[in-house]
Amino acid sequence: MWQHCALLLSLSLLPVVSGGADSKGVTTSLTTKWASTPLLLEASEFLAEESQEKFWDFVEANQNIKGEHDDTDQAYYDLIVKRASTLLSTVQLNMLKFALSLRAYSATVHSFQQIASNEPPPSGCSAFFNVHGENPYLILLCPRPKPYLFKSDHRFPGSNPDIPVVILYAEIGSSEFTMFHQLMLSKANKGLATYVLRHYLASPSSRRVYLSGYGVELAIKNQEYKAKDDTQVQGAEVNATLMGENDPVDEVQGFLFGKLKTLYPELKEQLKELRKHLVESTNEMAPLKVWQMQDLSFQTAARILAAPSSDALNVMRDLSQNFPTKARSITQTVVSSEIRKEMEENQKVRAQSSIWINNLETDSRYSSWPYSVQELLRPTFPGVVRQIRKNFHNLVVILDPTHESSAELLSVAEMFYSNNIPLRIGLVFVVSDVDEIDGMEDAGVALLRTFNYITEELDAPAAFDTIISMFNRVPSGGKLSVGDVVKVLEKKFPYVEVSSILGPDSTYDDNRKEGRGYYLQTGVGPLPVVMYNGMPYQREQLDPEELETVTMHKILETTSFYQRAVYMGELATDQDVVDFIMTQPNVVPRINPRILSTARTYLDLSNTNNHFIDEYARFLFLDSREKSTTVANSMNYMTKKDDGYIRPVTFWVVGDFDQPSGRQLLYDAIRHMKTSNNVRLGLINNPSDSPSEENSRVARAIWAAMQTQTANNAKNYITKLAKEETAKELATGADSAFEGPKFDFLLSHAVYCRDVLKLGKGQRAVISNGRVSGQHTHTLDGGVFNQDDFLLLESIILKTSGERIKSKVQQFGVEEDRASDLVMKIDSLLSSQPKGEARIEHAFADDRYSAVKIRPTEGDVYFDIVAVIDPVTRDAQKLAPLLLVLKKLVNVNLRVFMNCQSKLSDLPLKSFYRYVLEPEVVFQTDGSFSPGPLAKFLDMPQTPLFTLNLNTPESWMVESIRTRYDLDNIYLEEVDSIVAAEYELEHLLLEGHCFDVSTGQPPRGLQFTLGTPSDPVIVDTIVMANLGYFQLKANPGAWILKLRKGRSDEIYKIYSHDGTDSPAEADDLIVVLNNFKSRIIKVKVQKRPEKFSEELLSDGTQENDSGFWESLTRGFTGGVKMEESKQEKDDVINIFSVASGHLYERFLRIMMLSVLKNTKTPVKFWFLKNYLSPAFKEFIPYMAEQYGFQYELVQYKWPRWLHQQTEKQRIIWGYKILFLDVLFPLSVDKFLFVDADQIVRTDLKELRDFDLEGAPYGYTPFCESRREMDGFRFWKSGYWASHLAGRKYHISALYVVDLKKFRKIAAGDRLRGQYQGLSQDPNSLSNLDQDLPNNMIHQVPIKSLPQEWLWCETWCDDNSKKKAKTIDLCNNPQTKEPKLQAAVRIVAEWSDYDQEIKRLQNRVQERGAENHTTQQDKPGIHTYIHTYIHTYIHTYIHTYIHTYS
């Protein structure tokens, strides 16, 4: 009741608010380019993925569906779901609803529509056949070749492949379909025809498919420089649909309004007013102090965890997706110590390990390789793997030797090893752990024991070579047998009794159970498992060819991480690479296989006897458990200090201390102990021979010191004994103070090492809190175990168990030495427990305080889901809505662990975010489909300047098609209500990798074309040297991939292919795109014998330039044909430019006009299409017609393997430099880049013809004549001054590129390679388009253009302006003057050009008014003209007053 009163009080305190305008916000939609497909057909494709039988059952059940419902969309949908429910389980039915909401199978349906269009369909027919062969029983008789059948085709079950094929193109559920379907069923059932059904819509819908499954970001822009067009847009948007008030949480300043409306429906209007008031007070985004930001990650997690579990995901979504406006209130949240502590425990990890076959740093086979990490920064041909003698790359294979895939996986590993790929290879064998099964009956156990035997006798490479020989005996697809193992073993080791290795008495079985335990601990799914640097591969990547490719890809990808580390000075040659990796966050600081091995043995210290080792006669007859306790009882310890301190780490060092190796291990242990007060050190002597007076002098001296001295004094004395000169004095009898006949402790130690520790005489080991490091194949002998390894052992114990156990033991209040013993014994006991499924849970210390827990519905099957997330990251913005949808689809046992980061120094999220996803189709109240999924940003703050970005799946190419607003500069203060942005999925990407089988290298410059039988060349592309990558723009359908006519198919032929829909021997490849997922193919090519010595990128390369570029010219130029432009290409100046946002598009048009006014030679403009507004794309044809220039809009999707930029401006900078070799056709020999905000004052033919003297490109150096800007010239000192070594730093606003030279020296591939290495550091390449070519100046030379080619007021003095051939409106870091104001002030002719463009737009507007029908095909032009006129007048008056006041 008090809550109700408090709420009423809050409402009564509200100021009186009149009903104002609706909330301001932004909506975004994304549709397909193709027509909307019927849900019935999409549902049939979902059933087809389950099975073809279910597909045909569903078809049969829905032949007449259109006449079986009340004609509303919802009734149609409900009937589809009802019919499908008879064929699907509850979970499958929910997934069908989700698939229909996603429209996941629309692409599949449309792919059949495209295939049908290639027949082509007879006019006026709603359904038609494609008939193969002659048959008197068929209605249509038409001798034709057998039609090509695709993998996705629906063939009626039981069809005979030898009989004629009949393909029915029809729409399931249509009135005509039933008749044709029944006819074909009768023929198929009689064995007269193979019946194939393909979807076909005679009258496609006028609507488009509204897509979901993508994210939309509304990022806050930096307003340091005013870079927006001063536009006041008026009128209503076409899709300005507001979000309904149905959000179940709708949290504002801690009030859950969704909940409140449910609890108090009578207060609905008052709650609405309260919400509005709180929103207005919340949306002030005053900057936070640095100290306020430090804990934001933990505070956000605390807010989420404080919510009821049913609302926690909604709260996470709300906080992460609206973080900029929530941050200030979040800073008031108190984080409990329990949350922090539990989270820190959950973040601790254990390292991985294996039996390493090789070591790049120590093996002699790699001795000729360079050792310096600086080799990483040395330029190499793109795609080449650097051979450096460092363990940068580590591949671990976890396998069951008896699995049929094991031979192929080991064959790939052997290929890597034998070909000297710089890859360290490790193996983990998972075999039967049943004790009764031995190697004479189980092939896996036999192989494991053989491997252990050979490793011990010879080494791991020899053992690896032997097991490869065993698998070479296995036939393809077969499994390893005991006989295979025995035959190879007998051949290679004829003198050994096989049963002693493989039989029940084998001593080579110790790591058998641990291998399986390690595999279970990893929790990485079914065998086999392959991991690269600890990251498991996906199942589909384990195919041998795929494994080879993916591993090479990962090596190249990871190389960039190391390059950055070397570049930033974080990794030096004298550092251990593995040490460097282990110092990364949440990773232990060092790898030593003896420490991190999964084959772990623990002493049982749980016995409670009171025996001591100086009673050898009794000790001899104790069991192992009793012996261990007796050794512990007798142990005296050295410590750093003599103090009453509980030490959580106990080391027992085992060795022969009368031998140098034992003393060295002891010395290293003492050196480490002196650095840490957490450690105590005990010693066990393991003599190399039977103990005697002569061979135990040092051991007895140590024992006497440990018995008689304090811990600190013993440490000092034994440190001297461990030194060689002291040991020599003792050996010669110089010091006999410790001589005596009592050898019991020595005898007891020797027996203990032999019987319990399973060590050979004199072998060394280290026991840490009861865990033995150094047994059997992991013995310390023959390897390095030094002070750093003791540090690693200590850090692992402290992180995983030591500190926690110590904190518990402290509560007992026992004496310190006794407490340290308890920590050791408890740790050993707990750590020795079986590691089964519980070890998977071990990654999370607890979920009481730091995890959101959503329990499943009792009594039903559920999915166990664990998510780990930092709530203030982009991942959280995406994950929260995904989990909300998943929770609605299936019964889940969900735990979401918070994984926060501390000490933040900046706002972690500077953008608002929406993820568009719905669990099922949504309808309106009248039963019709809702307009479609939308991203909705409501209640947005009005003062920031926003930019809108879409985050779509990798294979989607989208473009903005309709909006009146500048989506690069959204200023809600100047917006009436809603900014509506409409995007279209323009293309689905077909990607691939291509290699020459003869050289193994990518064929740089090779071109592929993609088309259809009727139009063979629709798009084309060029192969990069980076991974042999290529991409082609397509849409759902069947496409033909060919080598392009000309030099490509004259020099090369296709050798093999993978991932296509064609037979292996096909020359022309068929690729079917039938879903929204990425499609990546692999093509291997081979030079034709007569062309073996020819190169694609030789001088004078001339390709046939028909195809994509021709189609673009036809579509986008003023009617100039490609044939003409080819003949006169030397007389055409190609100019490339980029722009985003209305302001820069305005500058771009004026730049173009300045070029055309001053250049007599014909001009062709090339624009990056990705970020142009709909208005610019609609207007440019009119401008091309008016001024007689050509233009093309080019696109290239940022490759998935190249480090992604997230900020729009940096993405655009990347496009200016990273893809120049693949953006343009080979026919373009040279182009100029001119920035949008530049004014040209001369004929650009002079620059086009400028002699670059062999350089691939020419840039203008930064001016240095305006001396007052010296303090801003960053390139004059520090890194740049050192790197440039006297060379100029060049500006990227204007440059000329010789594409023939650029491609010939692989400049694009080199630039991408260097970018990949540097870009992952957020502090590098701050001006990406400028810094990258200047950074690469030593590898890709720059020709400096004369200074007059680019004048910029910021850097150049006024006297040099009169010689300027171009003027760039670059930003001034001193004055921060807005661009528009600077343009009018600096460039006299700028306003005249602006006026001229305005007059043209007026004429276009008038033409549109006269011909409204034509204008319907060019939506948005009226609005754009209005906007432009309004902007011009507003800006001109503002600038005039500002200048002359």
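Everything numeric in this text was worked out from a predicted model, so none of it was measured. In what follows, residues are counted from 1 in the order of the sequence shown.
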Parallel, tilted or perpendicular, as decided by the 30° and 60° cut-offs, for the rings of Phe1076 and Trp34: parallel

Glu1145 vs Ser1173, side chain to side chain donor-acceptor pair (under 3.5 Å): CA-CA, chis, key distance, verdict: CA-CA 8 Å; Glu1145 289 175 349; Ser1173 71; 2.6 Å; yes

Salt-bridge present (Lys1216, Asp1235; N to O < 4.0 Å): yes

Donor-acceptor pair, side chain of Thr952 and main chain of Tyr214, under 3.5 angstrom: no

Pair Phe1231 + Trp1166: ring centers closer than 6.0 Å: no

Intermediate values then yes/no, side-chain contact (heavy atoms from CB on, under 4.5 Å), Leu934 and Val916: CA-CA 7 Å; Leu934 295 174; Val916 183; over 6 Å; no

Asp1368 vs Leu1294, side-chain contact (heavy atoms from CB on, under 4.5 Å): CA-CA, chis, key distance, verdict: CA-CA 9 Å; Asp1368 185 62; Leu1294 177 78; over 6 Å; no

Side-chain donor/acceptor of Arg914 to backbone N/O of Lys936, under 3.5 Å: yes

Note: Glu986-Lys1033 ion pair, threshold 4.0 Å (strictly below): no

Salt bridge flag under 4.0 Å for residues Arg1210 and Asp1329: no

Whether Asn1327 side chain and Gln1330 backbone form a donor-acceptor pair below 3.5 Å: no

Val1240 backbone acceptor or donor facing Asn1158 side chain under 3.5 Å: yes

side-chain hydrogen bond (donor to acceptor under 3.5 Å, both in side chains) partners of Glu959, counting only residues at least two apart: Lys1177

Verdict with supporting geometry, Leu967 and Asn949, side-chain contact (heavy atoms from CB on, under 4.5 Å): CA-CA 8 Å; Leu967 300 181; Asn949 301 314; over 6 Å; no

Steps toward side chain to side chain donor-acceptor pair (under 3.5 Å) verdict (Trp1213, Ser1292): CA-CA 10 Å; Trp1213 285 346; Ser1292 63; over 6 Å; no

Donor-acceptor pair, side chain of Arg208 and main chain of Lys33, under 3.5 angstrom: yes

Test: Lys1157 and Glu1389 ion pair at under 4.0 Å: no

Distance flag, aromatic centroids of Tyr1196 and Tyr1215, threshold under 6.0 Å: no

Phe1176 ring center near Phe1167 ring center (under 6.0 Å): yes

Electrostatic pair Lys1169:Glu1192 at N-O distance under 4.0 angstrom: no

Ionic contact status for Lys1230 with Asp1249, cut-off 4.0 Å: no

Qualifying residue, where the test is side-chain hydrogen bond (donor to acceptor under 3.5 Å, both in side chains) with Lys1398 and the options are Gln1401, Gln1395, Glu1396: Gln1395

Lys/Arg-Asp/Glu bridge criterion (N-O < 4.0 Å) met for Arg1385, Glu1353: yes

Donor-acceptor contact present, side-chain Ser1137 to main-chain Val1234, <3.5 Å: yes

Check: Phe1233 ring centre within less than 6.0 Å of Tyr1257 ring centre: no

